[in-house]
Visitor: 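Next up is a structure, given as structure tokens.
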Amino acid sequence: MVESPGYVTLEIEGRKVKLPVVVGSEGEKAIDIGNLRRETGYVTLDPSFMNTAACYSQITFVDGEKGILRYRGIPIEELVQKTMFVEVAYLLVHGELPNEEERRNFSRLLNRNSLLHEDMRHFFDHFPQGAHPMHILSTMINALAAFYPNVDLKSMADDIDLSCARLISIVRTMAAFAYKKSIGEPVVYPRHDLSYCANFLNMMFDSPVSPYQIRPEAVRILNILFILHADHEQNCSTTAVRSIGSAQVNLYATISAGISALSGPLHGGANQAVIEMLRMIQADGDVKKFINMAKDRTNPFRLMGFGHRVYKTYDPRAAIIKKECNAYLERIHYKDPLLDVAREVEEIALTDPYFIERHLYPNVDFYTGILYRALGIPENMFTVMFALARLPGWIAHWKEMIGGATKIVRPRQIYIGKTLADTMEAMAVREVLTQN
Ligand code: CMC
């Protein structure tokens, strides 16, 4: 719960202003500046929100100094051991893990909503060959509003289970269809007898000439990856979802915006960029050269999958993924030379003063792509996998935002452009010149 233990006093132009201090349930402290402009005429300036808490939230807790991540109070380490992705989705959206009946009802809803409207299926035929699946996905999700009724805010929020199940289920179908289309194979429809992750793998890899053998171990790994990506509090795409949703846009359009934000290489697109980087390093053979390039401030090259705005220690998701990656590859006797490159990059970086001083560690994206490769997922689908997994988080934040007293997100700015005096002067000069 939020406590208000007092005030801080700010002195502005000789005047003392009292600003309330708020403390979150895990002890995070903030100064509430909501009335600052009204009382003093000043705003705060914080480009890229380096130091701004944009909202109160009960969904996810991250301690970037200690490397802690909890969904609704439950550590991710426990969730990956004891739960399935669908249960975590329910947890994020509703605040509690489902009981047996709730789980069954939610699974039934997921199944009932797993088919894509047949007319939407034809959309896939008209994207150019080679279009990135993330671009296809954001477009298709936006189009959902045209195919499914009751997209007004109240209907969607009132029946949050249906909105949530439809998105989580249909987007999985869309993602697998997009892949099948891209390789020129017939699409595979979802099956009611399969779990969420098994269904996805089947839709991706089953074919009329070669039935897909569902391996429980592959399903387990996908489940872990999806749980670890399910939410991460106010990251860039969730902030996009909350900002755009605050204009009372329908949930589909809002999620589509989240997907667009996620596609960037500094955010979810990093999982694909890591593999591209590792392949480049492997081809060159000189790991140190790339480490030096990343350290060179005149060179735009960065170590993809390294660094994080919040984590100043090892990303707890990366720690789990690294462990699972090593174990899974060993168990299936799959040797990926890019794993050796990744290990070497990590080893050198973690002992280099540049990375140590800046607290740069592997993040969630560093080992993820290697696991996806081992599951047979193509590289251009990596960020789509991230998007599928992040859906429950976006929906939970949308629900929390709509349910609260959120006003439209509308920051201020400090204008540094031309003044009226500047332009009047220029106009006067121009007038004189034209007259002559
Ligand atoms: N390689 C080399 N130097 C780096 C890196 C990196 N990956 N990340 C940060 N730095 C340096 C940066 O140059 C700066 O140095 P200096 O203090 O000398 O100017 C310092 O570390 C602080 O970096 P920053 O850019 O101010 O940090 P940020 O919080 O604005 O950016 C980040 C965070 C994740 C965008 C950044 O670390 C980065 O670009 N990493 C690579 C891309 C990546 O892996 N993204 C996935 C993020 S985690 C999953 C997700 O969000 O989807």
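Counting starts at 1 for both ligands and their atoms, following the listed order.
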Visitor: Check this for me: does any side-chain nitrogen of one of Asp315 and Arg317 sit under 4.0 Å from a carboxylate oxygen of the other?
Guide: yes
Visitor: With the threshold set at 4.0 Å, does a side-chain nitrogen-carboxylate oxygen contact exist between Glu400 and Arg242?
Guide: yes
Visitor: Would you say Leu266 has any N or O atom under 3.5 Å from an N or O of ligand 1, going by distance alone?
Guide: yes
Visitor: Which residue holds the protein heavy atom closest to atom 24 (P) of ligand 1, what is that atom called, and what is the gap in Å?
Guide: Arg302 NH2, 4.2 Å
Visitor: Nearest heavy atom to atom 2 (C) of ligand 1: which of Gly269, Ala261, Ala294 does it belong to?
Guide: Ala294
Visitor: May I ask you to identify the nearest protein heavy atom to atom 40 (N) of ligand 1, giving residue, atom name and distance to one decimal place in Å?
Guide: Phe306 O, 2.9 Å
Visitor: Report, in ascending order of atom number, the atoms of ligand 1 lying under 4.0 Å from any heavy atom of Gly268.
Guide: 52 (O)
Visitor: Before accepting this row, confirm whether a basic side-chain N of the pair Arg70/Glu78 lies closer than 4.0 Å to the acidic partner's carboxylate O.
Guide: no
Visitor: Polar-atom distance check: Met50 versus ligand 1, any N or O pair below 3.5 Å?
Guide: no
Visitor: Going by the atom numbers of ligand 1, which of them fall below 4.0 Å from some non-hydrogen atom of Gly305?
Guide: 43 (C), 44 (O)
Visitor: Applying a 4.0 Å heavy-atom criterion (strictly less than), which segment of Val274 is in contact with ligand 1: side chain, backbone, both, or neither?
Guide: neither
Visitor: Would you mind checking which non-hydrogen protein atom is closest to atom 52 (O) of ligand 1, with the distance to 0.1 Å?
Guide: His267 ND1, 2.7 Å
Visitor: Does the gap between the ring centers of Tyr311 and His232 come in under 6.0 Å?
Guide: yes
Visitor: Is Asp340 paired with Lys335 through a side-chain N to carboxylate O contact shorter than 4.0 Å?
Guide: yes
Visitor: Report yes if some N/O of Ala270 lies less than 3.5 Å from some N/O of ligand 1; otherwise report no.
Guide: no
Visitor: Give the residue and atom name of whichever protein heavy atom lies nearest to atom 1 (N) of ligand 1, and the separation in Å to one decimal.
Guide: Leu303 N, 3.1 Å
Visitor: Quick one: look up the protein heavy atom nearest atom 34 (C) of ligand 1 and list residue, atom name and how far away it is.
Guide: Gly307 O, 3.7 Å
Visitor: Is the shortest distance from a heavy atom of Leu360 to ligand 1 less than 4.0 Å?
Guide: yes
Visitor: Check this for me: does any side-chain nitrogen of one of Arg220 and Glu217 sit under 4.0 Å from a carboxylate oxygen of the other?
Guide: yes
Visitor: Run the ring-centre check on Phe123 versus Phe147 and record whether the distance is less than 6.0 Å.
Guide: yes
Visitor: Are Leu251 and Leu167 packed together at the side-chain level, in the sense that at least one heavy-atom pair is separated by less than 4.5 angstrom?
Guide: yes
Visitor: Assert yes or no for the condition that the ring centre distance of Phe366 to Phe306 is strictly below 6.0 Å.
Guide: yes
Visitor: Who's the nearest protein heavy-atom neighbour of atom 28 (P) of ligand 1, and how far?
Guide: Arg309 NE, 3.7 Å
Visitor: To the nearest 0.1 Å, how far is atom 49 (C) of ligand 1 from its closest protein heavy atom, and which atom is that?
Guide: Asp365 OD2, 3.2 Å
Visitor: Would you check the N or O atoms of Arg297, main chain and side chain alike, for any that come under 3.5 Å of an N or O of ligand 1?
Guide: yes
Visitor: Is any side-chain heavy atom of Met120 closer than 4.5 Å to a side-chain heavy atom of Leu144?
Guide: yes
Visitor: Could any protein non-hydrogen atom be found less than 4.0 Å from atom 22 (C) of ligand 1?
Guide: no
Visitor: Please list, in number order, the atoms of ligand 1 under 4.0 Å from a heavy atom of Met304.
Guide: 42 (C), 44 (O)
Visitor: Should Phe386 be listed as contacting ligand 1, given a heavy-atom distance under 4.0 Å as the test?
Guide: yes
Visitor: What are the atoms of ligand 1, with element, lying closer than 4.0 Å to any heavy atom of Val364?
Guide: 49 (C)
Visitor: Mark yes when over 12 heavy atoms from residues, nucleotides or ligands other than Glu185 sit less than 6.0 Å from its CD; otherwise mark no.
Guide: yes
Visitor: For Arg358, which part has a heavy atom under 4.0 Å from ligand 1: side chain, backbone, both, or neither?
Guide: side chain
Visitor: Examine ligand 1 and decide if any of its atoms is less than 4.0 Å from a heavy atom belonging to Tyr354.
Guide: yes
Visitor: Step through the shown structure and confirm whether more than 12 heavy atoms of other residues, nucleotides or ligands are within 6.0 Å of CD on Glu11.
Guide: yes
Visitor: Which of parallel (below 30°), tilted (30 to 60°) and perpendicular (above 60°) describes Phe85 and Tyr196?
Guide: tilted
